[in-house]
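The next block holds one structure in the form of structure tokens; read it before the comments.
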2 protein chains.
Amino acid sequence: MSQGELPAGDLIEGRGMSGAAISRHLKVLRQAGLIKQRAQGPQRLYSIQPDGLRAIADWTISKREFWETSLDRLETAILEDEEL
Amino acid sequence: MSQGELPAGDLIEGRGMSGAAISRHLKVLRQAGLIKQRAQGPQRLYSIQPDGLRAIADWTISKREFWETSLDRLETAILEDEEL
DNA sequence: TACTTATTTAACGATGGTGTTAAATATTGT
DNA sequence: ACAATATTTAACACCATCGTTAAATAAGTA
């Protein structure tokens, strides 16, 4: 789907799961603001909603510093632990 | 518990949860090798099992490089995205 | 030995996640 | 208006997690 719009049918194929299940997954993603839906005849074309993914990316990066310092502390603790 | 041994009773208090529930949590932690149990009369004294926690710490650190490079890529992608 | 205390185990129930099948809905072509 | 196609929704079931209460177990004490 990263390459553009895809009808639900294409997203269902080869996934070893019923269309109903996929459909509900898509609904959740849509409600979460991660994908968009557009009707074309009886088909629903799905595509990415850049804003939503961007928000996740930004959030992820915003936590980076927290994790860096946490891992630093963990490494320090391990080293101190080895000094016995 | 990081300060030493504690009887189950102490671990139950103030947790707003039944003793039975805490007891099962302790059992899971013990089976996971994260805590030790020792009997003293009718009490069970719990303490940390350093090896288990250490294994988790080591594993965590072992993933650090993976995440660093992943986040680097994410940051790069965000920057490229902003050049529009 | 029987009682009390500390803790665990058993049996049960609520909740959330996620899959399935069958019915409902919308759109297009006859 | 009717049938076929694409997709969604409804109803149901399964399983794991996690809490509860009540019964079981073990140790110390009268």
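Letters A, B, ... mirror the listed sequences (proteins, then strands); counts begin at 1. What you see below is based on every heavy atom in this structure, not just the backbone, and it leaves out hydrogens, waters and symmetry mates.
When rounded to the nearest whole Å, the span between CZ of A/Arg24 and P of C/dG17 equals 12 Å. The interatomic distance linking B/Gln37 (CD) with C/dT7 (C1') rounds to 9 Å, in whole Å. Taking atom CG on A/Leu29 and atom P on C/dT18, their separation rounds to 11 Å, with Å as the unit. Counting to the nearest Å, the P atom of C/dG17 and the CE atom of A/Met17 are 16 Å from each other. Nucleotide C/dT18 holds its C1' atom 6 Å from the NE2 atom of A/His25, rounded to whole Å.
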For residues 10-17 of chain B, tabulate all N or O donor-acceptor pairs below 3.5 Å that involve a side-chain atom, not counting sequence neighbours.
{"residue": "B/Arg15", "atom": "NE", "partner": "B/Leu11", "partner atom": "O", "Å": "3.0"}
{"residue": "B/Arg15", "atom": "NH2", "partner": "B/Leu11", "partner atom": "O", "Å": "3.2"}

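The closest side-chain heavy-atom distance from A/Gln37 to A/Leu45 is not below 4.5 Å. Side chains of A/Arg38 and A/Gln43 form no contact here, defined as non-hydrogen atoms less than 4.5 Å apart. Taking the side chain as every heavy atom from C-beta outward, A/Lys36 and A/Tyr46 never approach each other to under 4.5 Å.
Within the 4.0 angstrom heavy-atom criterion, no nucleotide atom of any strand lies near A/Gln40. Using a 4.0 Å heavy-atom criterion, one finds that B/Ala20 contacts the bases of the nucleic acid, with or without backbone contacts as well. Within 4.0 Å (heavy atoms only), B/Ala8 reaches sugar-phosphate atoms of the nucleic acid but no base atom.
Note that CD of B/Gln49 is 9.0 Å distant from CD1 of B/Ile35, once rounded to the nearest 0.5 Å.
In terms of position on DNA chain C, the residue among A/Gly41 and B/Leu26 whose nearest nucleotide sits closer to the 5' end is B/Leu26. Between A/Pro42 and B/Gly16, the one whose closest nucleotide on DNA chain D sits nearer the 5' end is A/Pro42. Between A/Gln43 and B/Gly19, the one whose closest nucleotide on DNA chain C sits nearer the 5' end is B/Gly19.
First and last contacts of DNA chain D with chain B, using any nucleotide atom under 4.0 Å from a protein heavy atom and ordered 5' to 3', fall at D/dG19 to D/dG28.
Cluster annotation: A/Leu29 and A/Ile56 are assigned to the same hydrophobic cluster (Ile/Leu/Val/Met/Phe/Trp/Tyr, side-chain heavy-atom contacts under 4.5 Å, transitive).
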**Prompt:** How far apart are the C-alpha atoms of A/Lys63 and A/Glu68, what are their side-chain angles, what is the distance that settles it, and do they pass the salt bridge (Lys or Arg N to Asp or Glu O under 4.0 Å) test?
**Reply:** CA-CA 9 Å; A/Lys63 300 297 176 199; A/Glu68 303 270 18; over 6 Å; no

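Taking side-chain N and O atoms only, A/Ser18 has a distance below 4.0 Å to OP1 or OP2 of C/dT20.
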